Number of protein chains: 2
Amino acid sequence: MPTKIEDVARRAGVSTATVSRVLSGKPYVSDELRQRVLGAVNTLNYRPSRVARSLRVQRSSIIGLIVSDIQNPFFTAVVRAIEDTAYQNKFSVFLCNSDEDVGKETMYLDLMLAEHVAGVIISPTAGMNDAYRRLVEERVPAVAIDRRITNVAIDSVLVDNVGAARQLVTHLIEQGHSRIGAVLGTPASSTGEERLRGYLDALHAHGLPVEQDLIRTGMPRILEGHAMMRELLQLPKPPTAVFTGNALLTIGALRAIHSSGLRFPDDIAMAAFDEMDWMFFVKPALTVVAQPTYDLGRLAVELLLKRMDEPDRPIEEVVLAAHVHYRESSKWRVPNANGANHQKEG
Amino acid sequence: MPTKIEDVARRAGVSTATVSRVLSGKPYVSDELRQRVLGAVNTLNYRPSRVARSLRVQRSSIIGLIVSDIQNPFFTAVVRAIEDTAYQNKFSVFLCNSDEDVGKETMYLDLMLAEHVAGVIISPTAGMNDAYRRLVEERVPAVAIDRRITNVAIDSVLVDNVGAARQLVTHLIEQGHSRIGAVLGTPASSTGEERLRGYLDALHAHGLPVEQDLIRTGMPRILEGHAMMRELLQLPKPPTAVFTGNALLTIGALRAIHSSGLRFPDDIAMAAFDEMDWMFFVKPALTVVAQPTYDLGRLAVELLLKRMDEPDRPIEEVVLAAHVHYRESSKWRVPNANGANHQKEG
DNA sequence: CTGTTAGCGCATTCAC
DNA sequence: GTGAATGCGCTAACAG
């Protein structure tokens with residue numbers, strides 16, 4: 001049986017109110033009593049019940065964080081950033097994994113509300129879920145990350161997916177490719193949709209035709225990436241380069257390339273969204289866009305804290321730029337291209 | 001302001017006790033009242049406060065999970081398994097990241113105790129931390145995963161690291177290698193120590209000499225793996241094969257190999273602990289041991305539930321076998337066997 | 001079967 | 001400055 005505030009009060013010869021005051025750093029307590037209380041707390045090894053405290057003050061110091069896929073390195077990087085920032089502000093993080101499942105997401109959202117968390121940060125599984133509305137109705141501070149929520153207005157921190165995708169595909173085009181495949185996450189999520197849009201933008205800007213056969217979308221996971229890439233490779237006229245929209249898809253695609261007996265990057269070029277910042281350690285020939293995971297997480301917490309202070313400020317939407325890394329080794333040549341050499345520069 | 005149980009009671013024309021009974025599925029409530037209550041709950045969109053409930057019953061239905069590195073794919077895989085199993089048993093998971101930091105670990109452990117979680121699953125950062133003792137003192141069900149805790153007896157689910165490491169290194173020896181480097185996690189953790197032991201075992205069993213220069217240990221992370229591997233490659237007489245003890249170390253090592261201008265696996269062979277089950281998609285030439293992440297997580301939860309039911313049962317320690325994958329492409333030959341040194345100048 | 005009541009551990013009035 | 005008293009929302013005795 002854990003020690004209660006009453007035990008401490010008795011041990012220190014004061015009232016529970018005084019103990020409470022000391023522990024929450026309130027002023028107006030004489031130094032003598034403060035010392036006595038602290039001593040008692042120490043010898044009794046007292047740890048206040050956060051449950052009781054939360055019930056009393058109707059608000060905990062916990063930030064609920066719901067990510068759509070804990071196995072996606074992009075999100076673990078963001079989680080790290082969020083934890084760091086929350087910790088610096090005396091908040092703890094209650095992390096849950098919705099696993100791209102709207103049902104689980106709703107369940108966890110309800111759980112957070114029932115736990116009276118101080119605020120919620122969420123990477124939404126779908127664009128709209130009735131549960132999001134409850135957040136607003138109950139006036140729980142919330143911010144969406146990475147993906148846009150469409151059915152209710154809440155603060156969000158996003159990445160410029162369109163711009164980054166366009167840069168990536170443009171790079172491939174400038175290397176001389178004209179048949180460029182796309183292996184993307186489902187357009188049902190704003191990220192998938194935006195990256196597809198960037199791909200299309202780049203093709204249009206260079207007057208290249210869009211071939212629906214070259215565009216594949218699905219769940220952003222290894223297995224699906226593998227399947228989609230295999231389909232592309234089995235096409236009568238497969239692409240000479242591929243744009244992948246996510247690190248897990250990239251891994252699946254690489255596997256498909258290998259198991260087809262093809263070699264990367266000699267037989268097929270690739271440019272990818274790399275949500276882990278180490279993909280290129282293993283495949284230096286990849287052209288990747290590194291995502292601003294740390295800023296994303298930090299800003300999410302900061303936005304949340306701001307909203308906790310001023311519940312009525314206007315909704316804010318931050319869009320971060322993603323930085324494309326062109327590596328030496330990514331200046332490959334078009335394999336089997338009409339003739340020799342489409343290499344742009346040295 | 002969220003609706004309270006009293007509101008529901010009034011709306012349904014019953015007492016709060018009846019509402020409570022209906023909601024917790026207790027028997028002895030007439031069908032008529034049950035319907036009325038359910039109706040009220042529905043129209044009022046009532047969600048019971050878990051905070052108040054936890055305070056009352058002195059126990060939540062949350063399992064606290066503290067992992068030592070959320071960015072390590074091994075742990076995210078285990079987290080998935082734990083969540084699945086917990087969810088099937090009507091528990092939610094409160095996940096925290098100690099980030100290999102004993103201070104943070106202690107903080108989170110205290111937090112879980114203060115939150116009155118139903119139980120704690122932890123991958124310990126260090127072998128001993130006074131905070132572990134508190135778990136036992138307060139009789140909070142707990143189980144350690146992946147690493148052994150030495151200063152207090154608690155249930156644990158471990159992997160047969162010695163056996164797996166021995167198999168991996170033996171494989172390299174059987175391929176003809178005799179100068180085998182080791183890039184391992186710190187022996188301060190039981191995993192690091194055991195994998196080192198397996199390495200030594202294999203060498204001894206084949207009568208090979210142990211060269212301290214070929215053994216490097218450090219934090220199990222990319223940066224450290226890179227540094228250690230570089231040191232090995234800069235040795236006057238570098239190894240012809242390397243055994244790495246962790247997926248992140250492996251990535252770092254691969255990077256060092258690449259940036260030295262060497263090629264894998266032509267210039268140097270490698271066998272690795274691969275905590276992600278997709279490392280070999282990217283590097284099929286690796287020989288890896290796949291870790292039983294799902295079983296590990298599932299068993300951890302099951303052990304926890306058992307201890308919740310019978311607090312006084314004897315401590316249990318489960319050791320899982322890890323399975324080694326020998327792939328076609330890993331049957332390489334010793335590069336330039338007893339011939340020239342393949343070191344390149346950097 | 002159902003309602004009334006008494007806390008769970010703490011923070012916060014309001015008196016002193 | 002300090003203590004006594006009240007209630008946060010809920011469940012579990014205990015009556016009826």
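Everything numeric in this text was worked out from a predicted model, so none of it was measured. Order of the sequence lines sets the chain letters (A, B, ...), proteins ahead of strands, with each chain counted from 1.
Legend: residues meeting side-chain contact (heavy atoms from CB on, under 4.5 Å) with B/P220, ordered by chain and number and at least two apart, are B/E100, B/N246. With sequence neighbours left out, A/Q58 forms a side chain to side chain donor-acceptor pair (under 3.5 Å) with no residue at all. Annotation: ring pair (Phe, Tyr, Trp, His ring centres under 6.0 Å) contacts of B/F94 (sequence neighbours excluded): A/F94. Here B/D69 pairs with nothing under the salt bridge (Lys or Arg N to Asp or Glu O under 4.0 Å) rule; sequence neighbours left out. Annotation: salt bridge (Lys or Arg N to Asp or Glu O under 4.0 Å) contacts of A/E137 (sequence neighbours excluded): none.
At D/dG7, none of the side-chain N or O atoms of A/Q58 fall inside 4.0 Å of OP1 or OP2 (strictly under the cut-off).
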Pairs under 3.5 angstrom, nitrogen or oxygen only, protein versus nucleotides 12-16 of chain C, please.
{"from": "C/dT12", "atom 1": "OP2", "to": "A/K26", "atom 2": "NZ", "distance (Å)": "3.0"}

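Following rounding to the nearest Å, B/K4 (NZ) and D/dG7 (P) show an atom-to-atom distance of 11 Å. Atom CD in A/E6 sits about 13 Å away from atom C1' in D/dA5, given to the nearest Å. Rounded to a whole Å, the CZ atom of B/R10 is 13 Å from the C1' atom of D/dG9. Atom CZ of B/R59 and atom P of D/dA12 are 12 Å apart (whole Å). Rounded to a whole Å, the CD1 atom of B/I5 is 14 Å from the C1' atom of C/dT2.
Contacts between residues 47-55 of chain B and DNA chain D, defined by a heavy-atom separation below 4.0 Å, involve B/P48, B/S49, B/A52, B/R53, listed by number. Residues of residues 30-46 of chain A that place a heavy atom closer than 4.0 Å to DNA chain D, in numerical order, are A/S30, A/L33.
The 5' end of DNA chain C is approached more closely, in terms of each residue's nearest nucleotide, by B/V14 than by the other of B/V14 and B/H116.
A salt bridge is defined here as a Lys NZ or Arg NE, NH1 or NH2 lying under 4.0 Å from an Asp or Glu carboxylate O, and B/E316 with B/R307 fails to meet this definition. Taking a cutoff of 4.0 Å between a charged side-chain nitrogen and a carboxylate oxygen, A/D7 and A/R10 qualify as a salt bridge.
For the pair B/K90 and B/S61, the minimum side-chain heavy-atom distance is 4.5 Å or more.
Side-chain contact of B/S123 with B/S68: a donor-acceptor pair under 3.5 Å is present, judged by distance alone.
Residues in residues 111-122 of chain A take part in these salt bridge (charged side-chain N to carboxylate O under 4.0 Å, His left out) pairs, two or more places apart or across chains: A/E115-B/R50. Sorted by first and then second residue, the pairs that involve residues 30-49 of chain A and meet salt bridge (charged side-chain N to carboxylate O under 4.0 Å, His left out), not counting sequence neighbours, are A/E32-A/R36, A/R47-B/D110, A/R47-B/E138. Counting only residues at least two apart or in different chains, salt bridge (charged side-chain N to carboxylate O under 4.0 Å, His left out) contacts with residues 120-131 of chain A comprise A/D130-A/R133.
Note on the helix from C/dC1-D/dG16 to C/dC16-D/dG1: terminal axis deviation equals 40°, with five pairs used at each end and the result rounded to 10°.
When B/L296, B/V67, B/V301 are each tested for a side chain to side chain contact (heavy atoms under 4.5 Å, CB included) with B/I82, only one passes: B/V301.
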